[in-house]
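Here's the structure we're looking at; comments come further down.
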Amino acid sequence: MFDDQTHCAVVVGAQWGDEGKGKLVDVLAEQADFVVRYQGGANAGHTVVTGDSQFILRQIPSGILHPRATCVIGNGVVVDPVTLFSELDALTERGVATDGRMFVSNRAHLVLPFHKLLDAASEKSQGIGTTGKGIGPAYEDKIGRRGVRVGDLRDMGRVREFLEQRVARANRMLEMMHATERASLDEHVELLSGYAPRLNTLAADTGLLLHRALRAGKRILLEGAQGSLLDLDHGTYPFVTSSSTTAGGAAVGAGIGPTSIDGVLGVVKAYTTRVGNGPLPSAADPADDERLRKEGGEFGAVTGRPRRCGWFDATVVRYAVRVNGLTGLAVTKLDVLDEFERIPVCVGYELDGRQCEEFPDEVEQLERVKPIYEVLDGWRAPTTEARRLDDLPSAARAYLTRLEALAETPIRYVSVGTRRDQIIAVR
Ligand code: GDP
């Protein structure tokens, strides 16, 4: 990904999330000086397998597993201090040195316990299928200009005043929503007073830090969470997440100018999955859905929820190419298809009896589209040991060539297993 022309690259999910971004970031972080999370919060669940160890990172950039990389939680992220420090402590316990390699933006907003109560209460009435981690309500407070930011913790007296108003407001809302639980001011004050000293040591003007790094010719990897189809603006609204997951959000959420970004890698599974509610046009029939879920281990890393499974959807990926300006694709989990005899690929949709070229901008239309399938031959052979394209069975190569043509974007990486080394870099 990085070369003389590419110093600042974004890795985004080009479907509905869980594409295997964590693994790609882990692979690419080896060449990066900085790895930056730019949106979302502890609702992400990146699974990274290094040798025999498995790490699930919710809040901390996956780059932390590479000793050389400095990790940044950018201003666009909402930070849950409880998850952040339990993750940092767990990494330390497992021998990953984090001291001096982690920075959190002063401008990042905090996720507080009352956000989780509000999330649970609104999920009951709205049914979006959120992870219940308080992310949506924390972003609502940010947009409503009543959020508490990491930098605020430098003055705990002021934070206490803030909290009095915020907790009272949250309790009024909980009452309106007929929720039984209430937030406690003391619990909030105690929590933030406890975490403030530690958080203050990580807090920085991270936009400035990255700006200086870019000027010094350092390599920066911006790590997206969730997927393009869950983007607040460009996703299948209202079944979306509360932040800008697409590449444009990387500039805003990291605090750098968009002209600094010179590569955007879209991560796609060789098939499609979706967790939470909302339409999935290329959903497989129940038997294949079950088989894909079993072979691919398609259960949420944060919630354990089963993911709905379907076939590769070229309309979705072409749309992701457009809204992100993708310069390349990374196809993951090719090995999951190893035993399938025939593999359908959704090449387009039919809507109201007419072929529809572009991804619909309304979820109601997306619910009504009929997928148009092309069925490709499976390869019925293991791909997990392949390290070059030439090592793959010819039907697997043909499958990738077809995906590349449908997506109109070059494939740069193919992942054939969970381990770091199970990757093909396409020259
Ligand atoms: P992320 O949020 O996009 O990083 O995705 P998740 O971590 O939620 O899900 C991806 C899952 O797929 C993880 O369990 C990875 O270990 C696994 N994974 C990633 N790449 C591959 C691959 O090429 N093959 C297989 N079998 N599993 C993979």
Side-chain angles (χ1 to χ4, degrees), residues 10-29 35 37-65 87 131 133 135 221-230 241 243 245 265-276 291-309 312 320 329-340 382-387 391-392 396 399-400 403 411-426:
V10 190
V11 173
V12 289
Q15 294 160 324
W16 274 283
D18 312 313
E19 296 92 346
K21 295 173 295 294
K23 163 154 178 187
L24 257 295
V25 170
D26 180 58
V27 167
L28 296 172
V35 182
R37 275 279 307 270
Y38 60 84
Q39 45 71 229
N43 54 346
H46 296 170
T47 314
V48 182
V49 181
T50 62
D52 295 333
S53 304
Q54 173 173 301
F55 296 85
I56 294 179
L57 299 164
R58 295 172 185 187
Q59 186 84 88
I60 296 178
S62 312
I64 200 77
L65 302 173
E87 239 168 61
T131 54
K133 304 278 174 200
I135 310 299
L221 189 64
L222 300 153
E223 172 179 356
Q226 289 92 35
S228 302
L229 277 288
L230 294 174
T241 196
S243 59
T245 59
L265 184 72
V267 185
V268 291
K269 277 183 198 172
Y271 49 98
T272 308
T273 62
R274 175 161 200 172
V275 74
R291 191 170 168 197
L292 284 166
R293 186 162 40 253
K294 186 163 161 274
E295 297 294 330
E298 297 296 352
F299 296 90
V302 174
T303 58
R305 285 185 289 184
R307 297 171 183 152
R308 286 179 284 155
C309 299
F312 186 87
L329 289 179
V331 178
T332 62
K333 297 195 146 184
L334 186 70
D335 55 297
V336 172
L337 301 178
D338 281 355
E339 290 308 320
F340 283 79
T383 55
T384 46
E385 297 308 316
R387 297 295 175 268
D391 299 337
L392 289 173
Y399 183 73
L400 293 172
L403 300 196
I411 294 176
R412 301 276 183 221
Y413 297 90
V414 181
S415 174
V416 291
T418 55
R419 290 197 323 263
R420 254 181 199 170
D421 65 308
Q422 290 176 306
I423 190 106
I424 299 171
V426 182

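Order of appearance sets the numbers: ligands from 1, and atoms from 1 within every ligand. Predicted model only: the values in this text are computed from it and were never measured.
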Using residues 53-62 as the side-chain source, report each donor-acceptor pair under 3.5 Å to any protein atom, sequence neighbours left out, with the distance given to one decimal.
unit_1: Gln59; atom_1: OE1; unit_2: Asp80; atom_2: N; d: 2.8
unit_1: Gln59; atom_1: NE2; unit_2: Val78; atom_2: O; d: 3.4
unit_1: Ser62; atom_1: OG; unit_2: Glu223; atom_2: OE2; d: 2.7

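With rounding to the nearest 0.5 Å, the separation of NZ in Lys23 from OG1 in Thr47 is 12.0 Å. Separating the CG atom in Asp18 from the CD atom in Gln226 is a distance of 9.0 Å, to the nearest 0.5 Å.
Not counting sequence neighbours, the partners of Lys21 by the salt bridge (charged side-chain N to carboxylate O under 4.0 Å, His left out) test are Glu19. Residues forming a salt bridge (charged side-chain N to carboxylate O under 4.0 Å, His left out) with Lys269 (at least two apart in sequence, or on another chain): Glu298.
Taking a heavy-atom cut-off of under 4.0 Å, ligand 1 is surrounded by Asp18, Glu19, Gly20, Lys21, Gly22, Lys23, Gly45, His46, Thr47, Arg307, Lys333, Asp335, Val336, Ser415, Val416, Gly417, Thr418.
Between Leu292 and Arg307, every side-chain heavy-atom pair lies at or beyond the 4.5 Å cut-off.
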